[in-house]
Amino acid sequence: MSDAGNDSDCDAPDCADSGSMDFLDKYLTVWILGAMVAGVGLGYIAPSVTGPIQRYHLVEIGLILMMYPPLAKVNYGQLPTVFRNYKVLGLSLVQNWLIGPTVMFALALVFFSGLVPGLPARPEFFLGLVFIGMARCIAMVLVWNDLAEGSAEYAAGLVAFNSVFQIFTYGVYIWFFALFMPGLLGLEGLAAGIEAFGITPMQVFQAIAVFLGIPFAAGILSRVVGTRRKGVEWYEETFVPTISPVTLIALLFTVIVMFAMQGERIVGTPSDVLLIAVPLTIYFVAPFFVSFGMGREIGADYSTTTAIGFTAASNNFELAIAVAVAVFGVGSGVAFTTVVGPLIEVPVLLALVNVALYLQRKFDWRGYTTGSLEEPTGQPTEGGN
């Protein structure tokens with residue numbers, strides 16, 4: 001991605017030059033909002049378009065294409081350093097597998113359990129939120145992190161780390177938060193229709209293999225072949241800038257086809273979309289700021305802190321949608337809720353990209369070196385604002 005704007009007096013290593021923003025980056029918000037409107041309009045005017053979208057796997061193709069450039073940028077030789085940083089990995093583990101699921105479960109209870117006066121019980125929306133909250137990030141986080149100039153190496157490492165963890169825990173987490181906890185709280189009705197739920201580690205593995213494994217393999221192959229044949233300088237300065245626009249183009253394409261699939265229902269039941277959007281927005285925003293603050297607290301540099309923040313704030317909506325459709329059917333309220341997830345995530349995470357770039361300029365990052373993959377420069381190891 002192009003370097004983001006910065007104040008002229010910012011001389012920290014993570015700061016960048018605003019003059020280098022290209023046309024796509026500068027008007028990114030406009031393009032994505034336009035893609036959302038186009039997708040909803042297409043789905044509403046021509047609802048039959050969902051047939052070819054599903055038949056030709058256009059959403060999956062778009063996701064894979066948009067993740068390829070960020071993964072091709074990764075210097076995979078630095079990943080061992082990433083995995084040796086137990087402080088950062090431990091922080092990510094706590095954020096993704098303790099804080100994130102608990103926050104989503106709490107939001108689902110508040111909004112859709114019927115416990116709060118004025119908010120009737122909506123079991124299908126409750127279960128949809130649980131399915132989303134338990135599916136931790138593997139996909140679009142790479143794009144948001146890339147747009148915000150976070151560490152590609154840490155984002156890739158944390159995503160891989162969480163993906164492996166997810167294979168063995170997703171079914172357990174669904175059981176615990178969708179079946180066990182509602183029963184413990186005397187809210188058994190919230191799990192109506194899910195008693196037969198079952199998902200195997202292999203099913204989760206297959207989803208991860210498609211949405212993460214393919215672009216990961218392509219990224220590794222590109223770097224290995226490119227650097228060996230043309231050299232590191234050519235790869236970093238010629239090849240990477242050439243493929244970078246693919247991310248945004250594929251992102252816009254994915255947004256259009258994804259929104260088109262639910263265009264008719266979004267227009268037909270906007271109140272449901274808005275109702276689901278409230279807890280989802282809180283869910284995306286709160287963990288980001290908490291994680292960003294925790295990253296600063298452990299002394300992480302901007303690129304590492306940003307990777308931590310977006311890893312905690314994003315989710316694996318592909319897996320959530322796939323499981324909801326498999327268990328309840330494509331026309332169910334649970335499936336609808338999981339589809340609303342990415343519809344809200346796209347604009348909210350895009351806004352958080354701008355927030356991250358603002359915090360990059362606002363804070364003095366000198367001395368924040370935890371997680372840094374750069375060679376030491378002699379700067380102090382402790383720092384503050």
Side-chain angles (χ1 to χ4, degrees), residues 14 67 70-71 73-76 78-105 132-170 172-173 177 204 208 211-213 215-216 283-320 345 348-349 352-353 355-356 359-360 365 368-374:
D14 286 309
M67 286 190 292
L71 289 169
K73 295 178 184 180
V74 174
N75 183 347
Y76 291 93
Q78 292 182 320
L79 286 186
T81 303
V82 170
F83 286 115
R84 283 197 299 268
N85 194 320
Y86 300 115
K87 184 181 291 186
V88 173
L89 284 179
L91 184 58
S92 179
L93 185 66
V94 169
Q95 291 166 346
N96 278 283
W97 299 103
L98 291 179
I99 296 176
T102 303
V103 168
M104 183 60 97
F105 176 72
I132 294 172
M134 305 311 123
R136 309 311 301 162
C137 67
I138 71 166
M140 292 185 75
V141 63
L142 296 167
V143 177
W144 308 127
N145 177 75
D146 190 44
L147 293 172
E149 301 178 4
S151 168
E153 287 72 28
Y154 269 99
L158 293 177
V159 164
F161 177 72
N162 286 323
S163 297
V164 173
F165 202 84
Q166 186 166 208
I167 293 172
F168 301 102
T169 60
Y170 187 68
V172 175
Y173 270 64
F177 285 103
V204 181
I208 292 173
F211 295 115
L212 184 64
F216 244 124
Y283 168 74
F284 292 132
V285 172
F288 174 82
F289 281 106
V290 170
S291 301
F292 206 93
M294 293 172 73
R296 287 276 294 180
E297 187 65 26
I298 67 171
D301 65 353
Y302 171 77
S303 63
T304 305
T305 299
T306 299
I308 293 172
F310 280 106
T311 303
S314 299
N315 71 286
N316 181 0
F317 60 79
E318 303 90 352
L319 176 61
E345 179 179 0
V348 172
L349 268 293
L352 290 177
V353 167
V355 169
L359 295 176
Q360 180 192 40
W365 294 92
Y368 284 81
T369 57
T370 298
S372 175
L373 297 174
E374 302 295 328

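We're numbering straight along the sequence, starting at 1. As the structure is a computational prediction, the values presented were derived from the model and not from experiment.
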remark   = Note: P101 and Y173 closest approach over all heavy atoms is CG-CE2, 3.7 Å
ask   = Looking at OG1 of T311 and CG of L158, how far apart are the two atoms once the value is rounded to the nearest 0.5 Å?
value = 4.5 Å
ask   = Do you know the tightest heavy-atom contact between A155 and N145?
value = CB-ND2, 3.3 Å
ask   = Where do T81 and N85 land on the side-chain contact (heavy atoms from CB on, under 4.5 Å) test, with the steps shown first?
value = CA-CA 7 Å; T81 303; N85 194 320; over 6 Å; no
query = Would you call I99 and P287 a side-chain contact if the rule is heavy atoms closer than 4.5 Å?
reply = no
key: S291 OG to L91 CG distance, which is reported to the nearest 0.5 Å   = 6.5 Å
N315 side chain to Y283 side chain, donor-acceptor N/O pair below 3.5 angstrom = no
request  = Give a yes or no answer on whether the side chain of S151 reaches the backbone of T304 with a donor-acceptor pair at less than 3.5 Å.
outcome  = no
query = Closest heavy-atom contact between V74 and A152?
reply = CG2-O, 3.5 Å
query = What heavy-atom pair brings M134 and Y170 nearest, and what distance separates the two atoms?
reply = O-CD1, 3.3 Å
W144 ring center near F310 ring center (under 6.0 Å) = no
message = To the nearest 0.5 Å, what is the distance between OG1 on T306 and CG on L147?
response = 12.0 Å
ask   = Given the rule in the side-chain contact (heavy atoms from CB on, under 4.5 Å) test, do I308 and Y154 qualify, once you have shown the distances and angles that lead to the verdict?
value = CA-CA 8 Å; I308 293 172; Y154 269 99; over 6 Å; no
note = Closest non-hydrogen atoms of A313 and F284, given as atom of the first, atom of the second and distance, are O-CD2, 3.0 Å
task = Measure up the F177 and F105 rings against each other and bin them: parallel (under 30°), tilted (30 to 60°), perpendicular (over 60°).
result = tilted
key: Closest heavy-atom pair and its distance - L79, E153   = CD2-O, 3.4 Å
task = Please work out whether the ring planes of Y368 and W365 are parallel, tilted or perpendicular, with thresholds of 30° and 60°.
result = perpendicular
ask   = Going through the distances and angles, do I132 and M104 end up as a side-chain contact (heavy atoms from CB on, under 4.5 Å)?
value = CA-CA 8 Å; I132 294 172; M104 183 60 97; 4.0 Å; yes
message = What's the separation between atom CZ in F292 and atom CG in L352, rounded to the nearest 0.5 Å?
response = 10.5 Å
query = Ignoring hydrogens and geometry, is there a side-chain-to-backbone donor-acceptor pair from T370 to I298 under 3.5 Å?
reply = yes
ask   = Just how far is it from atom CE of M294 to atom CD of Q95, taken to the nearest 0.5 Å?
value = 5.0 Å
